[in-house]
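Since this is a predicted model, take the numbers as computed values, not measurements.
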Amino acid sequence: MALPSDGGSAAAYYWVPVNTDDAYVLGRKSGAGFVDADSGEAIDAVAAADCYAVASPAAARAVVADMVQMHEVNRASILHVLRARYGSGDIYTAMGSVLVATNPFERLDAVYARATLGRFVDPQTPDEDLEPHIWFTARRAYRALVSHGVGQSLIVSGESGAGKTETTKKALEYVAAASATRGDGGGGGGAVSAKVLSASPILEAFGNAKTLRNDNSSRFGKYLEVVLDGGGRVVGAKTTNYLLEKSRVVRQAPGERGYHAFYHCVAGENARAEHPGGDAVSAAALGARLGIGSRGAETFAYARGGGCVEIPGVNDVAELDAVLEAAVALNVAEEERRWIYGVVAAVLHLGDVAFEAAGGGTDASKVVDGTAPLDVDAARLGRALVTRTISAGGRGSINVVVLAAGAAGDARDALAKALYAKLFDWAVDRVNREMEAPAGEAKTIGVLDIFGFEIFESNSFEQLCINLTNEQLQNKFNRDIFELELRLYADEGVPCDGVEYKDNSDVIALLGDVLAMLDEEARLPRGSAKSWSSKVGKKHDTHARLRVDKRAAGEAFGVVHYAGLVTYDVDQFLVKNVDQLSGDLSSCVAGSSHERTAALLTWNDAPAAAAPRARGGRGSGGGSKTTVSKKFRGQLASLTTALNATEPHYVRCVKPGAGHGREKAPRSVVFHSFRLILGRAIIPRNVKPNMEKVKRVFRSPVVLEQLTYAGVFETVTIQQSGWPFRSPHERFAKRYFVLDLKNAAALRRLGPSGHARALLAGLRASDDRCFGATQREALVLKTKRRLGRAAATLEGALAARRAEIRALRPAVAEAHAVAAASVAFLHGFLPRPSEAALERGDAVLKALEEGERLAGILEALVAKDDAAAHYDDLERALKAVDAVADRTRRGRAAERRRGGARAQVRGVRDLMVAKRCLERGVAERSKADLEEGLGALARAAQRGRRAAAESARWLAIGDALADAREGILERRGYGTMGAVDALERALATGGGGDDARWRAQR
């Protein structure tokens, strides 16, 4: 990685920061400033420390699929590659072992085509022939699990709208497809894979919602473990969910919706009311007892809070049908489905319960009709919402307190959130029970779809927990990358003292103690959020990661995270942490006539040692319950343990069009917030949501911010602290052989490693370079393997009995293509057999092509009517083709191809011999010439009958016979008319050649 220039570099070109959507442009040094390298326009004055020097414009503009192959790795060059690839439709880019996925906000059918998936699933497809893709990352994990039996994990992270949910589904799609190629092994592996995919619509319906950044945003974290048997077949799965955003149940930000399930339920009931008995909505009919009828979503307080009840292009009835079909596939009974949506409807109705002051109490009469689906006593529920029973003293005395309208509203909202959160947990468990793996199966591929780092205008308890999760995952990410670096240096045999591990354990420990202190505060009779915040500030006053403003002591505090400074407002921390219903409401629901509803609020609760009491906000405690932070920290510890037992594969999802939607800040603030020293980052607080979800829009400052939050640059930081510039011996020797031109020839004979060592030995000793043991880097090794395969194919084509052009031409072409990609190999580094095969392949291919040309000439000559007139040309062409055949070792098929031409040439040759001999024999009265001529005529006649195409040749035979007859009659030589007549008969009948010759002699 290139460090920011200090201004003293001699380089003429730089990546220069600009206050536009590009973030950086390629600039050229001009006097004391810079000009745009493309347009020539002057660039506003910037600090030299914020610029990155580049070796050349060509190197800076290079676009690669794997960013570790870049000549210079820095923030500007990373942005350039991502922007260029995104513009060409390549949404996936590798950064070593990390995959960066950029959300396209459009369907990319070619990227996810079935044929494309087939290439990634096919085990015969070499890794080096595959481009960066979520399917390639999933393929590496799947193959590692099947081959070595070591658990694997895909850690998918990113902010809302970055595409985490879709990326996760695509990873699961690969696992299911790969499993299907191995059959079901008698255990129904294909059916289990289908169930794993069917779980997604259910979890999304109850855990996803429309936000400003994403129409299908996951509002919870999940870790899905897919279980495989020894044969690589899916046999089960389990989902663990984290931190459902319960506040969304009762209120939404402007322009956002609540959970999809609310709108599905309403739309389904509306459709049933409008078209009773219609086939299209038969699956969506959930029962009139829900009390929705024709009421639209905009009439429910909990559904209309954000002023948005529809998603453009989404049919909620069709979505509900898809959810119910998935539930059927997972064997969720009809009674269970009706109960699920009954609870959803009950939550919606709770939101319509209003409270108004009525003398000394409140009026809750609207509760009666609104909560029928819960099957609880309406009057009792009304009393529980507006009153609270409190034990007084130790003698069992009880006081009933009438709540104010605001407190009653809080109690209503708390009940709605508790019901929905428990329903979601129940749904996840119900799906898990259906996909439970057989006992003894322990091979897993885990897919973690987790919320990204969050910085909002107002950050509360949820953001602290989410950011603690990301700190924990970033710690693992740093450690994994660090250990990979150490392993690489160990393999190379080079010192690694300079490699720095950016450890964020201090902030993890700080946040852990902050949450523990929050639990302790909840146990105090008069505990409050302000008191807790003050205690945190006093205890950790000198902590480097904590920021406390003395003027706002007890109201807020700041934490310097790996991604920047975040200020947390403490007002609701205590209430959200306890998150406890009054005993009256819990008892009321427990008295439901529906068994499953009665047990819902206590379903799967873990026992607690003590009963925390909520202070510092409205409401009070009741019952024994674990705090939210304690439960969450336990889940996070379990998740960390599970991930540490696997080999991780990281996927960083990026939203290119809009991040947190911050208004433009002064350039100095923007630039400093992007500095690599994250502890000093300045994060703008003027946050304004951005509704932009537009395809093919790439805003570099937003992407830069997300890459910072995702910790991608930490990879670069770790590599930078060691040996960031790495060159294979071959490349080094080829590039720097000019350092010793005098001995270049002798050094080349030492091989690439010896040549490189000798060149380094001639330089001054330095601590900034080191010689590793590896002969080739990973890319070179891949190219060599590819060249080896091409050479083997070429050898096979040459060794075949029939070296035909159609087989040899692609083999030679492939060998040349690979050789061109690795020219260094052809100068001493390519194994000699492969090089020899390539040279021989060229020669054979050239001979074959020459043979094809000559064969065309030969066939044209054979087709002529007067072949005898072209005898010399025909014979020369035949000899040339025979010579080519000898060089290429062509077999019987080629011989048959030349058979007709060879027979015709020999027939013409026999006719010419016969004519010449008969003419000489008659003229000179030579018995020997006459015998030879008659024999040649017999042979020509015999070949002529075998090939109908040679019938024209009989004209020449007739001429020869006529001449012979005339000569014999005129000169009365050694022949008689009887001999000639016998010859004619023999030629006509096809037999008796020897007899004809004997009779002629006689």
Side-chain angles (χ1 to χ4, degrees), residues 99 101 134-135 137-142 144-145 150-158 162-180 189-208 216-229 232-244 323 326-327 329-330 332 424-438 441-452 469 473 476 635-636 638-651 653:
L99 179 68
I134 183 58
W135 287 338
T137 303
R139 167 188 166 112
R140 283 169 38 202
Y142 180 84
L145 178 70
V150 179
Q152 305 291 311
S153 61
L154 277 69
I155 302 176
V156 183
S157 63
K164 300 187 299 296
T165 299
E166 289 302 315
T167 300
T168 299
K169 288 193 288 189
K170 292 301 179 184
L172 295 177
E173 185 178 358
Y174 174 88
V175 175
S179 171
V192 176
S193 295
K195 288 182 178 180
V196 172
L197 298 179
S198 295
S200 292
I202 297 176
L203 298 182
E204 289 179 21
F206 290 89
N208 288 27
N216 188 34
S217 175
S218 294
R219 309 314 300 164
F220 69 104
K222 63 177 177 289
Y223 184 54
L224 173 62
E225 293 179 283
V226 182
V227 185
L228 294 90
D229 63 13
R233 293 172 289 270
V234 175
V235 294
K238 178 185 178 182
T239 298
T240 303
N241 56 297
Y242 305 93
L243 275 184
L244 179 73
V323 173
L330 289 169
V332 179
F424 182 69
D425 289 342
W426 182 92
V428 172
D429 181 73
R430 180 65 182 83
V431 170
N432 286 341
R433 281 185 279 132
E434 190 59 35
M435 298 189 301
E436 187 174 1
E441 298 293 352
K443 289 186 176 182
T444 62
I445 295 179
V447 183
L448 179 64
D449 175 1
I450 201 72
F451 17 65
T469 303
L473 293 175
K476 175 174 173 54
Q635 286 184 319
L636 184 57
S638 298
L639 174 64
T640 303
T641 301
L643 292 177
N644 286 339
T646 66
E647 292 181 352
H649 305 265
Y650 291 96
V651 182
C653 296

Minimum-distance pair of heavy atoms, taken over all atoms of [X] and [Y]:
X	Y	answer
G221	I450	CA-CD1, 3.9 Å
A171	L154	CB-CD2, 3.8 Å
T167	C653	OG1-SG, 3.6 Å
V323	A205	CG2-CB, 3.6 Å
D229	K443	O-CD, 4.1 Å
K164	G158	NZ-O, 2.9 Å

Stepwise, does the side-chain contact (heavy atoms from CB on, under 4.5 Å) test hold for F451 with T469? CA-CA 9 Å; F451 17 65; T469 303; 4.2 Å; yes
Listed partners of E434 passing salt bridge (Lys or Arg N to Asp or Glu O under 4.0 Å), at least two apart: K195, R430
For [Y], does its backbone N or O pair with a side-chain atom of [X] as donor and acceptor, under 3.5 Å?
X	Y	result
N644	T640	yes
S153	T646	no
E225	Y223	no
D449	K222	no

Is there a side-chain contact between F220 and N208 (heavy atoms, below 4.5 Å)? yes
side-chain contact (heavy atoms from CB on, under 4.5 Å) assessment of V431 paired with T239: CA-CA 8 Å; V431 170; T239 298; 5.6 Å; no
Would V196 and V175 count as a side-chain contact (heavy atoms from CB on, under 4.5 Å) if you check the C-alpha gap in whole Å, the side-chain angles of each, and the deciding distance to 0.1 Å? CA-CA 10 Å; V196 172; V175 175; over 6 Å; no
Charged N-O contact under 4.0 Å between R433 and E436: no
Among I445, V150, T444, V226, side chain to side chain contact (heavy atoms under 4.5 Å, CB included) partner for L145: I445
Step by step, would you call L473 with L643 a side-chain contact (heavy atoms from CB on, under 4.5 Å)? CA-CA 9 Å; L473 293 175; L643 292 177; 3.7 Å; yes
To the nearest 0.5 angstrom, please state how far the [atom1] atom of [X] sits from the [atom2] atom of [Y].
X	Y	atom1	atom2	answer
L244	D425	CG	CG	7.5 Å
T137	H649	OG1	NE2	8.0 Å
F424	D429	CZ	CG	12.0 Å
N241	R219	CG	CZ	14.5 Å
Y142	L228	OH	CG	6.0 Å
M435	K238	CE	NZ	11.5 Å

